Amino acid sequence: MSENQEGSKKIIKADLGQKKLYITIGVIGVLILLSFIWVIVENTGGGLFTFINKSDYKIEYMKATFVNDEWQLSDTMNFENVNPKAKDTLNFSDIDLNNTQANLQLKIKFEGYDEFVLDAGYFNDLFTGNIDINLKQTKQDQVDIYIKAKNGILSSKTTNCDEYYTIYVKEGYIE
């Protein structure tokens with residue numbers, strides 16, 4: 001092998017090593033940037049309460065409050081006069097539920113029927129997330145209710161609310 005060929009091999013090996021280093025630095029930079037964006041989205045994406053009524057009933061009111069066994073822990077969030085097949089939203093600020101072992105208590109009044117009271121979920125941390133309540137007509141006098149509340153993208157042991165119940169409107173009970 002000539003001296004020129006050996007020199008070329010050393011240059012090629014050096015170029016490959018340099019490229020691997022640049023690729024590694026680029027991948028790490030992209031991961032750091034994505035992590036930064038994710039943190040920003042997590043911290044600014046909460047505080048929206050969405051109530052969707054896909055049932056055939058008009059809702060006189062739906063009141064939501066965080067409670068525990070002893071007292072009410074938050075202001076009441078109200079939705080009033082929600083028509084069938086309608087959606088309503090409201091914004092709320094952070095709710096401090098640290099070490100309270102709270103539930104989300106819902107009071108729902110279908111027009112012409114008695115009020116239903118339902119406790120859902122488990123909240124034991126600062127709640128900065130979103131709440132979604134979805135009513136869906138399944139049979140003549142039967143409405144399914146889906147309740148979902150999350151503090152962010154990742155699930156947490158201190159906030160757990162992803163529940164489903166059936167409301168028997170005329171009979172007056174929840175299962």
Side-chain angles (χ1 to χ4, degrees), residues 34 37-175:
L34 289 175
I37 291 170
W38 183 27
V39 167
I40 290 172
V41 168
E42 280 276 322
N43 290 328
T44 60
L48 183 65
F49 194 141
T50 305
F51 180 61
I52 301 171
N53 180 15
K54 294 181 184 174
S55 75
D56 295 334
Y57 296 97
K58 180 176 184 176
I59 306 300
E60 277 185 39
Y61 62 81
M62 198 278 296
K63 299 177 181 183
T65 309
F66 286 97
V67 298
N68 66 8
D69 292 339
E70 299 172 15
W71 57 78
Q72 179 175 323
L73 301 169
S74 71
D75 292 335
T76 301
M77 297 172 273
N78 294 306
F79 293 94
E80 294 180 352
N81 298 316
V82 181
N83 290 318
K85 313 296 185 219
K87 174 182 174 180
D88 200 359
T89 61
L90 63 87
N91 293 311
F92 62 93
S93 57
D94 297 352
I95 302 169
D96 188 4
L97 301 171
N98 283 320
N99 301 315
T100 60
Q101 300 177 3
N103 301 104
L104 179 62
Q105 184 177 76
L106 303 175
K107 294 180 180 181
I108 302 171
K109 175 116 176 42
F110 294 88
E111 189 174 64
Y113 297 95
D114 292 334
E115 177 184 80
F116 291 90
V117 178
L118 173 67
D119 287 341
Y122 175 78
F123 301 84
N124 203 31
D125 200 355
L126 177 67
F127 187 71
T128 60
N130 296 321
I131 303 169
D132 295 316
I133 308 289
N134 192 343
L135 297 177
K136 183 178 179 185
Q137 188 86 32
T138 53
K139 293 183 181 173
Q140 177 70 27
D141 301 315
Q142 190 173 323
V143 176
D144 288 345
I145 181 169
Y146 300 92
I147 307 153
K148 187 168 186 97
K150 287 179 70 169
N151 240 353
I153 296 172
L154 300 176
S155 61
S156 167
K157 291 183 181 184
T158 58
T159 299
N160 183 13
C161 185
D162 188 3
E163 299 184 10
Y164 157 83
Y165 299 93
T166 300
I167 300 173
Y168 296 88
V169 179
K170 283 189 177 177
E171 289 84 8
Y173 70 95
I174 299 173
E175 192 174 79

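Note that the coordinates shown come from a computational prediction; the quantities given were computed from them, not determined experimentally.
The aromatic rings of F110 and F116 lie perpendicular to each other, with more than 60° between the two planes, well past the 30° mark. Between F127 and F92, the angle of the ring planes stays under 30°, which puts this pair in the parallel group of the 30/60° scheme.
Of all heavy-atom pairs spanning N78 and L90, the tightest one is O-CD2, 3.4 Å. Heavy atoms only, all atoms of each residue included: G129 and N151 are closest at N-OD1, 3.1 Å. Contact detail for K107 and E115: the closest heavy-atom pair is CB-OE2, 3.7 Å. Here the shortest heavy-atom pairing between Y146 and K136 reads CE1-CB, 4.4 Å. In this structure, N130 and G47 approach most closely via the heavy-atom pair OD1-N, 3.3 Å. Nearest heavy-atom pair, Q137 versus Q142, reported as atom, atom and distance to 0.1 Å: NE2-O, 3.7 Å.
For the atom pair CD of E111 and NZ of K109, the computed distance is 8.0 Å after rounding to the nearest 0.5 Å. The line from CD of E171 to CG of D114 is 12.5 Å long, rounded to the nearest 0.5 Å. Between the NZ atom of K150 and the CG atom of N160 there is a distance of 10.5 Å, given to the nearest 0.5 Å.
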Set out, in order, the CA-CA distance, both residues' side-chain angles and the distance that settles side chain to side chain contact (heavy atoms under 4.5 Å, CB included) for F66 and M77, then state yes or no. CA-CA 9 Å; F66 286 97; M77 297 172 273; 3.9 Å; yes
Worksheet item: Which is it for Y168 and I174 under the side chain to side chain contact (heavy atoms under 4.5 Å, CB included) test, yes or no, and what are the steps along the way?
Response: CA-CA 6 Å; Y168 296 88; I174 299 173; over 6 Å; no
Open item on the list: Please determine whether side chain to side chain contact (heavy atoms under 4.5 Å, CB included) holds for the pair L48 and T89, giving the CA-CA distance in whole Å, both sets of side-chain angles, and the decisive distance to 0.1 Å.
Closed with: CA-CA 7 Å; L48 183 65; T89 61; 4.1 Å; yes
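Using modelled atom types and a 3.5 Å distance limit, the side chains of T158 and N124 yield no donor-acceptor pair. Side chains of S55 and N53: a donor-acceptor N/O pair is present below 3.5 angstrom, by distance only. In this structure, a donor-acceptor pair under 3.5 Å is present between the side chains of T76 and T65. Of the N and O atoms on the side chains of Y164 and D144, at least one donor lies less than 3.5 Å from an acceptor on the other residue. For the residue pair E175 / Y173, no side-chain donor-acceptor distance below 3.5 Å is found, with atom types taken as modelled.
Looking at N103, its side chain never comes within 3.5 Å of a backbone N or O of D119 through a donor-acceptor pair. Judged by distance alone, with hydrogens and angles left aside, the side-chain atoms of D132 form no donor-acceptor pair with the main-chain N or O of K148 at under 3.5 Å. Counting only distance, with no hydrogens or angles, the side chain of N68 and the backbone of T100 share a donor-acceptor pair below 3.5 Å.
Residues L126 and I95 fail the side-chain proximity criterion, which asks for heavy atoms closer than 4.5 Å. Counting heavy atoms from C-beta outward, V117 and Q105 have side chains that approach closer than 4.5 Å. With contacts defined as side-chain heavy-atom distances shorter than 4.5 Å, the pair L104/L118 does not qualify. With a 4.5 Å cut-off on side-chain heavy atoms, D125 and N98 count as touching. N91 places none of its side-chain heavy atoms less than 4.5 Å from the side chain of F49. Counting only heavy atoms from C-beta outward, the side chains of L135 and I59 approach each other to under 4.5 Å. Counting heavy atoms from C-beta on, the side chains of K54 and N134 come closer than 4.5 Å. With contacts defined as side-chain heavy-atom distances shorter than 4.5 Å, the pair F123/C161 qualifies.
A ring-centre distance under 6.0 Å is not found for Y61 and F79.
Contacts of K170 classified as salt bridge (Lys or Arg N to Asp or Glu O under 4.0 Å), with partners at least two apart in sequence or in another chain: D141.
The salt bridge (charged side-chain N to carboxylate O under 4.0 Å, His left out) analysis of residues 85-99, with sequence neighbours excluded, yields the pairs D56-K85.
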